[in-house]
Amino acid sequence: MASSSIPAGGHSDPTRRDFLMVATGALAGVGAAATAWPFINNLNPAADTLALSTVEVNVTPIQVGQAVTVKWRGKPVFIRHRTPEEIKEAEAVPMSALPDPQTDNSRVTDTAKKVRPEWLIMIGVCTHLGCVPLGNKPGDPKGEYGGWFCPCHGSSYDTSGRIRKGPAPKNLVVPEYLFSTDSLVRIG
Amino acid sequence: MASSHGTPPVFNNKVVAWIDHRLPIFSYIEKEYHTFPTPRNFNYFWNFGAIATVMLVLMIATGIVLATNYTPHVLMAFDSVERIDRDVPQGWLIRDLHMNGASFFFIAVYIHIFRGMYYGSYKAPRELLWILGVVIFLLMMATAFMGYVLPWGQMSFWGATVITNLFSAIPVVGESIVTWLWGGFAVDNPTLNRFFALHYLLPFVIVAVVALHVVALHIHGSNNPTGIDPKGPQDTVPFHPYYTMKDGFGVVVFLLVYAGFVFFAPDYMGHPDNYIPADPLVTPAHIVPEWYFLPFYAILRAIPDKLGGVLAMFGAIAVLFILPWLDTSRVRSATFRPIYKWFMMVLVVDVIVLGFCGANPPEGFWVPLSQLATLYYFFHFLILLPVLGKIERPLPLPPSIADAVLKKKAV
């Protein structure tokens, strides 16, 4: 640091002044970072946004083969009452055929570890760039694998919501959910 | 640079002289915009810096007026924009000026960038001038993107969703960054609020960087169509009245075309889906950004991998920052570079092809075409420019600007 003030050939041992310079500079840096933090953290989700993070749904009216979309955290959540054929199809897929391997069972387990293969609950947001895939409404295209199809960039999901074809890297995300009774599910 | 810089101006008006003695704004204007020695051989491509500046001022003026009637809330934003169009006196005009102004600002800047590339304006000693220009371009893109979100139509919402989701491609911290950008778990009211705040702020940041751009420009002066430096007073003319008049003429012609769109086809460059209020549960079948982003959007989609696509898109702009060092030729102007001249035109065609690829759904032949065009874009900057500078034999340069101009006249 102070080497420029030391004559050529002199040995540049750190002096007391060098130490004070570095210590003061470091403290100023820490202070600046500590001051910047509230400004950065201020942009994170606020308490009222976080408070909206659960939603309860009564699933009794959803018939076998039907699906509904509910809004959770500003995003669509798909709840599909799967037919036995769809469940069988999803369970039969070998892991080697999946870009993001997950068993069907692991995708229909609630936070109490109870498996309900008839209820598939997922965030309806394509893992590519965030479009809402089609496949919940009766007339919608369901893609080559009978699940969901994203019209934006052509990703196809199977009856377990797992990515099978297209640019999306991951399966549709299964949120945390809990069946408090057989008919009432809490998402989030 | 040249001799006319020498004597300080004498002001006859006593008030002007009094102020100038304390704050030399009049001397500054005199020196930088009146006597400033400027190459005598500018063609009309040299108008577009002035035109872009006029568009920037126009965008800020119309934007401030619009902000007085706009409400940045998810339940009211769409209706407040409709109210500006229908109920606010001359609101339709101010909004159409602002909407089309964005497009015409980009038109001016794209021509300005082409001018810089064709005539080698980025070469020594103007590298920082060029880099500041690329910074302005990036700031414009951010500002335009956030402005497009404000009307809170379907394209606003889903454009914002897709573009912010680009950051989720970053390994490990991507998802947290996206939540931080949104201020929630999806594009929602906090997102709209902060985009409005930033959309109002960034234009003034652009003004500041434009000021630096002009300061850097006035150190070594403008490049010119021959690419050779002025060698004396015979090569230059004072900025005023020669180029104030020429710029003024160019600005008026440009504004005429702009006014044609504003009054007769105000929605021509927009997208009809943005007149549908935003619906977070329904994605439009075909999401496209505004036309000025289409080439970059095509590069994003050309790579069949999420992270790769995002990197390629940002890389397409990143290469512009290092362009002064990628181009190894010491001759600035393409006029004297017989091979580069043609490749420059191929690049223009390539970027237009990318634009069409970005506008069409990623199916059929559009996919390989956009991949080919993306490959060529990077080939041009990363391979062709460094190699071409070594192997190309430039044409003989004229001895001076005056020689080049007078010889042309004689023919």
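Not measured: the values here are computed from a predicted model.
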Interface residue of largest heavy-atom contact number with chain B, from A:Gly74, A:Gly166, A:Gly130, under 4.5 Å
A:Gly130
Side-chain heavy-atom pair B:Trp158, A:Leu129 within 4.5 angstrom cut-off:
no
So does A:Lys165 have more than 12 non-hydrogen atoms from other groups sitting under 6.0 Å from NZ?
no
Minimum heavy-atom distance A:Pro76-B:Pro280, with the two atoms named:
CD-O, 4.0 Å
In terms of heavy-atom contacts, A:Cys131 and B:Ile287 come closest through SG-CD1, 3.7 Å
Count the heavy-atom pairs under 4.5 Å between each of A:Asn44, A:Leu50, A:Thr69, A:Thr49 and chain B, then report the option with the highest count.
A:Asn44
Value for CG (B:Asp188) from CZ (A:Arg73), rounded to nearest 0.5 Å, stands at 12.5 Å
What part of B:Leu281 gets within 4.5 angstrom of chain A, counting heavy atoms only: side chain, backbone, both, or neither?
both
Identify the two heavy atoms, one from A:Pro45 and one from B:Gly184, that lie closest to each other, and give their separation to 0.1 Å.
CG-N, 3.7 Å
Neighbour count >12 (heavy atoms, 6.0 Å) for atom CG, B:Leu201:
yes
If every non-hydrogen atom of A:Lys75 is compared with every non-hydrogen atom of B:Ala186, which pair is closest and at what distance?
CG-CB, 3.8 Å
For B:Phe379, look at atom CZ and say whether over 12 heavy atoms of other residues, nucleotides or ligands are found less than 6.0 Å away.
yes
Please state whether the side chain, the backbone, both or neither of A:Leu134 comes within less than 4.5 Å of a heavy atom of chain B.
neither
Chain A heavy atoms under 4.5 Å from B:Leu166: which part of the residue, side chain, backbone, both or neither?
both
Calculate, to the nearest 0.5 Å, the distance between atoms OG1 and CG belonging to B:Thr179 and A:Leu43 respectively.
12.5 Å
Please flag which part of B:Ile177 lies under 4.5 Å from any non-hydrogen atom of chain A: side chain, backbone, both or neither.
neither
